[in-house]
Structures are given as structure tokens and as C-alpha cells.
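FYI, the numbering just counts along the sequence from 1.
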Amino acid sequence: MVFGLKIWNLSELVKLGDVSVALLFKIEKVAEFIKVPAEFDVIIYESENLAEFHQLSNRPYHVAAVYKNGMIITQPFYILKQKGLLEEVLFHEILHSILKKNFQLPAWIEEGFILFITGADFDELRGFHRDYFLRFIRRVRYEEIPDLLDCYRIDSSMECDNGR
């Protein structure tokens, strides 16, 4: 099957006005907070339609995008823009990219951290997103986040307390 994917990177989307420079700033601030390089060269595949997104991502339609095999696969941008979610979705998935490149985190820490740092609304979360977010905010204080992530850093020899 031939897909109608459009391939983007973040700088192209900023130049086109699809996302704001503020998104780049937010990515830089989070990267600085967790002491890793900011990541802007992630490949973003925009699906042509929802059926194609579902086929590529193997996710239900209420999921807007996924980070998979080193790339972001999204629903069509026009749908995400209509919902006012394009920047929020890209921010979330780019954070997955940054974390995967620098850390070997348990799923609940990775997803919980991203949901926390992006200001997710607990009442709007479902399934494992809701569970991971709740677990994260109950077990990790804001000031502990950099140290917690450090013990899962790929190039670190620190021991982690896996009982968190």
C-alpha cells in the first residue's frame, strides 16, 4: 500500500507558521531542566487521513500521534489544528523522542513526566495515561525530577531506586 504521508521537521513547521517559535522555547526549557540537548530534528510523518494514521500507528482514533521507531506519526494536521492540539501533540511526542534518546525510563516515569511537564488535565486523561500521571504526581516531587531521571540516563552508572 502506498501512503500519502507528508514528512516534516520542526523548523519547516515553524517557517510555515504551523507551529510557533514558543514551542521551540518550551522544548529548550524542558531539555535544560533535565540536562539534555534540545531535540528539533525529529522526523514527523503527517498521515493523509485517519484510516492511514490508524494503519501506521495501530492506535485508536482518539490518539492524536505516536512516537514510534524514532519518528512521530500524527493524524492529519488539519484535524489537530481544528481541535487546537497540533502544538500540544508535537510537544508531547518530541519529549518522548528526547527522553528515549537520553534515558531508559520505566513507562510510568516517561509518560507521567511528560504529562506533568506539559500540564495535562487529569480529568481529560484515560487509561494508562491517567494511571501513569497519577502514579508520577503521587511519587515524585518537582525538585526530585532531574535526579530521578539522572539515575536512568543511558550514559550513567547511578543506581536507581526501582521501588518508587
Subject >> Evaluation steps, side chain to side chain contact (heavy atoms under 4.5 Å, CB included), between Phe25 and Lys29 >> reply: CA-CA 6 Å; Phe25 181 72; Lys29 293 314 262 177; 3.8 Å; yes
What pair of heavy atoms forms the shortest contact from [X] to [Y], and how long is it?
| X | Y | answer |
| --- | --- | --- |
| Glu46 | Trp8 | OE1-NE1, 2.9 Å |
| Ser20 | Glu87 | N-OE2, 2.5 Å |
| Tyr152 | Pro106 | CE2-CD, 3.5 Å |
| Phe53 | Ile73 | CE1-O, 3.4 Å |

Please check: side-chain N/O of [X] versus main-chain N/O of [Y], any donor-acceptor pairing under 3.5 Å?
| X | Y | result |
| --- | --- | --- |
| Lys68 | Leu56 | yes |
| Glu93 | Tyr67 | yes |
| Arg130 | Phe122 | yes |
| Gln75 | His54 | no |
| Glu124 | Asp121 | no |
| Ser57 | Arg59 | yes |
| Glu52 | Ser47 | no |

Original post:
What's in the same ILVMFWY side-chain cluster as Leu50, cut-off under 4.5 Å, chained through other members?
Top reply: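 Joined to Leu50, directly or through intermediates: Tyr61, Tyr78, Ile79.
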Is there side-chain contact between [X] and [Y], with at least one heavy-atom pair below 4.5 Å?
| X | Y | result |
| --- | --- | --- |
| Ile145 | Phe113 | yes |
| Ile109 | Leu149 | yes |
| Phe91 | Ile114 | no |
| Leu134 | Arg138 | yes |
| Val21 | Val14 | yes |
| Asp18 | Lys81 | yes |
| Val63 | Pro60 | yes |
| Val42 | Ser97 | yes |

Let me confirm one number: the [atom1]-[atom2] distance from [X] to [Y], rounded to the nearest 0.5 Å.
| X | Y | atom1 | atom2 | answer |
| --- | --- | --- | --- | --- |
| Leu24 | Leu10 | CG | CG | 5.0 Å |
| Leu125 | Glu111 | CG | CD | 9.0 Å |
| Thr118 | Phe133 | OG1 | CZ | 8.0 Å |
| Thr74 | Leu80 | OG1 | CG | 5.5 Å |
| Leu85 | Glu88 | CG | CD | 5.5 Å |
| Ile27 | Leu95 | CD1 | CG | 7.0 Å |

Residues 98-105, side-chain donor-acceptor partners within the protein, below 3.5 Å, at least two apart:
unit_1: Lys100; atom_1: NZ; unit_2: Glu110; atom_2: OE1; d: 3.1
unit_1: Lys101; atom_1: NZ; unit_2: Glu39; atom_2: OE2; d: 3.0
unit_1: Asn102; atom_1: ND2; unit_2: Ile98; atom_2: O; d: 2.7

**OP:** Apply side chain to side chain contact (heavy atoms under 4.5 Å, CB included) to Arg126 and His62, showing your working.
**Re:** CA-CA 10 Å; Arg126 306 182 225 182; His62 69 268; 3.6 Å; yes
Subject >> Worked verdict on Ile44 versus Leu13 for side chain to side chain contact (heavy atoms under 4.5 Å, CB included) >> reply: CA-CA 10 Å; Ile44 303 164; Leu13 296 176; 3.9 Å; yes
Original post:
Thinking salt bridges, do Lys15 and Glu12 make one under a 4.0 Å N-O criterion?
Top reply: no
Original post:
Going through the distances and angles, do Val19 and Leu86 end up as a side chain to side chain contact (heavy atoms under 4.5 Å, CB included)?
Top reply: CA-CA 8 Å; Val19 297; Leu86 182 59; 4.2 Å; yes
Original post:
Which word best sums up how the rings of Phe33 and Tyr142 line up, parallel for under 30°, tilted for 30 to 60°, or perpendicular for over 60°?
Top reply: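 Geometry flag for Tyr142 against Phe33: parallel rings.
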